[in-house]
Protein chains: 2
Amino acid sequence: MPPTTPGPRGRRPTLADVAARAEVSTALVSIVMRGAKGAGEATRERVLRAAREIGYRPDTRARLLRSHRSRLLGVQFGLQQPFHADLVEGLYAVAEPAGYQLALSAVAAGRGEERAAQSLLDDRCEALILLGPQAPAARLAELSAGLPVVSVARRLRPAVAGVEVVRTADDEGARRAVDHLVGLGHRDIVHVDGGRAPGAADRRRGYRTALRRHGLAERARVVAAGTGEEDGARAARGLLADGPPPTAVLAFNDDCASGILDVLLRAGVRVPDEVSVVGFDDSRLARLAHIDLTTVAQDAARLADLAVGRAIARLEGEETPGETVVAPRLVVRGTTAPPRDGS
Amino acid sequence: MPPTTPGPRGRRPTLADVAARAEVSTALVSIVMRGAKGAGEATRERVLRAAREIGYRPDTRARLLRSHRSRLLGVQFGLQQPFHADLVEGLYAVAEPAGYQLALSAVAAGRGEERAAQSLLDDRCEALILLGPQAPAARLAELSAGLPVVSVARRLRPAVAGVEVVRTADDEGARRAVDHLVGLGHRDIVHVDGGRAPGAADRRRGYRTALRRHGLAERARVVAAGTGEEDGARAARGLLADGPPPTAVLAFNDDCASGILDVLLRAGVRVPDEVSVVGFDDSRLARLAHIDLTTVAQDAARLADLAVGRAIARLEGEETPGETVVAPRLVVRGTTAPPRDGS
DNA sequence: CCTTTGCGCTAGAACGTTCTAGTTACCTGG
DNA sequence: CCAGGTAACTAGAACGTTCTAGCGCAAAGG
């Protein structure tokens, strides 16, 4: 059984230790450990055995110090954002097979994006993958002067030269949701809006476009709200106060939808019998049996795949499209149904 | 304006560059950058200015390679666990002021604990802080032979020599929940149990103890369930089928409670009017206005503080208690109320 | 037989820091 | 005026890798 932890003495075995045991030079051990060519079959075996026997593990930091490639992708993510967790999971899945490691840096309460990004730079990452970055475009441009930068799930308008964007087609998501509702027979569909949040403008636009295509342009109705549950609740109270509610609501996101659901249910309005509700994001929340929200899902795996792909392409000097848009997917659950009467 | 990114040429400035510009030795620049003593006031200024002007940032990896201290705490966490996000947030808040950096390594779908821990070791972390580790005790023991290991939120029975445990008093949490319910007038309280999940045994024990203290020992009733929403739902359906439901339910955790709430509400049982429900964890879920769950909160900030403290203490060779237990806090929200009749 | 080629291997210099052990130069007290 | 101390600074060797040259040797080609 080879030891898989450093011995109690504290000193971890190094290349030199392996070299001594296998009676070769450190350079050769290095060759063998990297799987590079230039070592005979027999010696290779001998070195590997020696390494195994003394529990040798290469020192990442020394390795990176010397070889100018670090094969490290820096990932900045929001600790409190469940969707980012899905993305990071996807990133791991793609990066490791491609021969890259991930360095994670979280944005949290006392730790802003500036700190997070800086720590990634200090770690000598080769590229930065920023999940939903809020930093000003100028800062992103500045970063991208030094290394490839990929912004995931944040659109940049106008485009920032050098910053690669990978995002979901928010407008299309909203369109699909509207198509679904119209297909069920709804004609009176309200959009509870996310205001200035990333993606909100596109979702609003998609909503309007879809209604227009269905010949319902003049029935478009956008209610200002926001990104949180409470924003949705407020909007819903407003809707109930303003005479008969619509037969369907497209919320900016799942949190917002959850607030809407709450107010409706407490007011005795049955969902989906009287009012259908659609969310956006397919968060954990939406999947709860309790809530069972019809929603528009972002394809985290695909976004992650593209993000890594673009970062690596840029590292290898390839041309990249600048922006890549991923189609969302409508997940039909229990909060949508045909309207009670064809109003 | 000092550049805060590496220049386009790719080569980042090094100590030598700063030294050249300030016309001193690299050793002195090192001294100044570390804030060590041994530099004159005037030169210090000059060096700092030079560093600022060329946008120098120390190279973490080279720094760590040389100084045997890495001042790096490795944190292994579950990507999909919201509670871990709270803990990591707390860890950042404590570690950075104490002069330590965090290296994050996520456990996710295709990336088990073994991989996560190994990557932390490869980064030459000085100590490991494992959030809710599932690895066998033997593996933890093995790890702790090489460096201090702190297990957060997982109790180890029997204790593993060398592994420091920081956890919430699950039994006390359950007791507080029961005390609250009894205080409201409940006497018919069921515990929907988490089975073999970490903490479940303690919560079960706390529940039993509390009932006994209130002279209700013979009314204790434990229903086997699990950690998920669906487990709670199943248990609730069972309760409803077995004649009149209890007046109060203590669920293993919030997810489980959410499933219970769902089944009760769909069955037309009013919460909290007819049945009170208490969760455990104070997850994001519990805080939703929609759910508004009375629950037992773990003190993430305190757990994080202790975890870092113990890790550092061990690094400095101090004696540590081996296990530290943190009191939970009952958060009363809208799912508990006095029973309708004093059954 | 002598050159070429290529393979297996090694010596030794990087990489960007910190650390050890100095060397100056300036006080300070006798 | 000198011993002794201290503050400011520096040369050069680490740290654990990878990389560049290049060496010895056997097989192949002339």
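Here is the naming used below: chain letters follow the sequence lines, and residue numbers restart at 1 for every chain. Note: hydrogens, waters and symmetry copies are ignored here, and every other heavy atom, side chains too, is used. Given the structure is predicted, the values throughout are model-derived calculations rather than measurements.
Under the 4.5 Å side-chain criterion, counting only non-hydrogen atoms from C-beta, A:Val75 is not in contact with A:Leu128.
Atom P of nucleotide C:dA14 and atom CG of B:Leu15 are separated by 18 Å, given to the nearest angstrom. Residue B:His68 contributes atom NE2, which lies 14 Å from atom P of C:dT18 at whole-angstrom precision. Look at CG on A:Asp123: it is 21 Å from P on C:dC15, rounded to the nearest Å. In this structure, A:Leu64 places its CG atom 12 Å from C1' of D:dG16, rounding to the nearest Å. Rounded to an integer number of Å, the gap from A:Ile54 CD1 to D:dG16 P is 12 Å. The separation between B:Asp17 atom CG and C:dT17 atom C1' is 13 Å, rounded to whole Å. Taking atom CZ on A:Arg66 and atom P on C:dG16, their separation rounds to 9 Å, with Å as the unit. Rounded to an integer number of Å, the gap from CZ of A:Arg12 to P of D:dG16 is 10 Å.
Side-chain atoms of B:Leu65 lie closest to C:dG16 of the nucleotides C:dG16, C:dT17, D:dC19.
Taking each heavy atom of A:Arg69 and A:Leu64 in turn, the nearest pair found is O-CD2, 4.1 Å.
A side-chain N or O of B:Glu113 and one of B:Gln76 form a donor-acceptor pair less than 3.5 Å apart.
Between B:Arg310 and the choices B:Glu323, B:Glu318, B:Glu316, B:Glu164, the salt bridge (charged side-chain N to carboxylate O under 4.0 Å, His left out) rule is met once, by B:Glu164.
To the nearest 0.5 Å, atom CG of residue B:Leu79 and atom CG of residue A:Leu104 are 7.0 Å apart.
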Name each donor-acceptor pair under 3.5 Å that joins a side chain in residues 36-50 of chain B to protein atoms two or more places apart or in another chain, with its distance.
from    : atom 1 : to      : atom 2 : distance (Å)
B:Arg44 : NH2    : B:Ala36 : O      : 2.9
B:Arg46 : NH1    : B:Ala22 : O      : 2.4

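Considering only side-chain N and O atoms, A:Arg34 lies under 4.0 angstrom from the phosphate OP1 or OP2 of D:dC19.
Using a 4.0 Å heavy-atom criterion, one finds that B:Ser30 contacts the bases of the nucleic acid, with or without backbone contacts as well.
No salt bridge links A:Glu89 with B:Arg111; every basic N to acidic carboxylate O contact stays at or beyond 4.0 Å.
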Please write out each protein N/O paired with an N/O of nucleotides 5-10 of chain C under 3.5 Å, distance rounded to 0.1 Å.
from   : atom 1 : to      : atom 2 : distance (Å)
C:dC9  : OP1    : A:Thr43 : OG1    : 2.6
C:dC9  : OP2    : A:Gly40 : N      : 2.6
C:dC9  : OP2    : A:Thr43 : OG1    : 2.9
C:dT10 : OP2    : A:Ser25 : N      : 2.9
C:dT10 : OP2    : A:Ser25 : OG     : 3.0

